[in-house]
Amino acid sequence: MKGKTKKLSVVSSILIVVSAILMVISLFFPWWQMIFFAPQYPEGLNIIVYPNKLEGQIDIVNGLNHYIGMDNFSEENFPELSYLAYLVGGLVILTLLTAVFRKKSILYGLIGVFVIGGLLGVIDLRQALHDFGTNLSPEAPIKIDPFVPPILGHNTVANFITNSVLGPGSYLLIGAFILLLIPLWKDRK
């Protein structure tokens with residue numbers, strides 16, 4: 001076997017295919033959500049972010065945000081929603097090719113792409129939240145200090161408590177990533 005690179009096992013290849021399936025399924029579930037609670041909204045208001053659209057009580061949230069001078073949440077303000085599903089589709093194709101070729105070097109590259117894509121997504125979301133919370137209109141009826149809503153966790157603005165949580169789609173992506181790491185451990189020398 002000298003000079004020949006050892007391929008990933010068939011079991012590892014199957015795990016990689018399952019990872020690709022989880023990525024596809026993640027496209028049909030929310031990836032992230034903000035829930036706003038206040039005395040007048042004890043049941044909470046939602047902004048639910050899918051990889052290709054926004055859902056929830058966005059009109060009500062935007063109406064309330066108007067009072068503090070915040071831009072509207074809309075799909076137009078998040079251009080990523082127009083192409084994110086295609087990026088995931090490309091990642092799925094790379095993942096399936098990795099399963100077919102069964103080379104550890106390709107798997108390392110795939111994991112690198114996954115990590116870089118995830119980091120860029122988090123940075124992009126953080127920047128968007130920063131822009132929404134700090135670019136408040138000076139003509140707003142209610143003056144508040146600029147703030148940055150958290151990616152995860154909660155904060156309080158006026159009488160609103162905001163909770164930011166991962167959606168099921170994000171957990172599916174985390175599971176897909178873990179399935180990509182298992183072959184590195186399983187097929188180690």
(request) May I ask you to check whether Thr95 and Thr98 show a side-chain donor-acceptor distance below 3.5 Å? (result) no
(message) Using a 3.5 Å distance criterion without hydrogens, assess whether the side chain of Ser19 forms a donor-acceptor pair with backbone atoms of Leu180.
(response) no
(request) Drop me the distance from Leu84's CG to Phe78's CZ, to the nearest 0.5 angstrom. (result) 12.5 Å
(message) For the backbone of Ala99 and the side chain of Ser13, can you confirm whether one donor and one acceptor N or O come within less than 3.5 Å of each other?
(response) yes
(message) If I take atom NZ from residue Lys104 and atom CG from residue Leu8, how far apart are they, to the nearest 0.5 angstrom?
(response) 6.5 Å
Exercise answer: donor-acceptor pairs, residues 115-136 side-chain atoms, under 3.5 Å, sequence neighbours excluded:
| residue | atom | partner | partner atom | Å |
| --- | --- | --- | --- | --- |
| Gln127 | NE2 | Asp131 | OD1 | 2.8 |
| Thr134 | OG1 | His130 | O | 2.6 |
| Asn135 | ND2 | Asp131 | O | 3.3 |

(message) Around atom OH of Tyr67, are there more than 12 heavy atoms from other residues, nucleotides or ligands closer than 6.0 Å?
(response) no
(message) Restricting to non-hydrogen atoms, name the atom on Ser164 and the atom on Pro150 that form the minimum distance, rounded to 0.1 Å.
(response) OG-O, 2.8 Å
(request) Mind checking the CG-OG spacing from Leu54 to Ser74? Nearest 0.5 Å is all I need. (result) 7.5 Å
(request) Please round to the nearest 0.5 Å and tell me the distance separating atom CG of Leu107 and atom CZ of Arg102. (result) 12.5 Å
(message) Can you tell me how far apart CD1 (Ile16) and CD1 (Ile182) are? Round to the nearest 0.5 Å.
(response) 10.5 Å
(message) Between Asn62 and Phe73 (side chain of the first, backbone of the second, donor and acceptor by atom type, cut-off under 3.5 Å), is there such a pair?
(response) yes
Scan the side chains in residues 33-51 for donor-acceptor partners under 3.5 Å anywhere in the protein, sequence neighbours excluded, and list what turns up.
| residue | atom | partner | partner atom | Å |
| --- | --- | --- | --- | --- |
| Gln33 | NE2 | Asn46 | OD1 | 2.5 |
| Gln40 | OE1 | Asn159 | ND2 | 3.2 |

(message) As a quick check of understanding, evaluate side chain to side chain contact (heavy atoms under 4.5 Å, CB included) for Leu173 and Met23, giving each step before the final call.
(response) CA-CA 6 Å; Leu173 288 175; Met23 289 179 216; 4.1 Å; yes
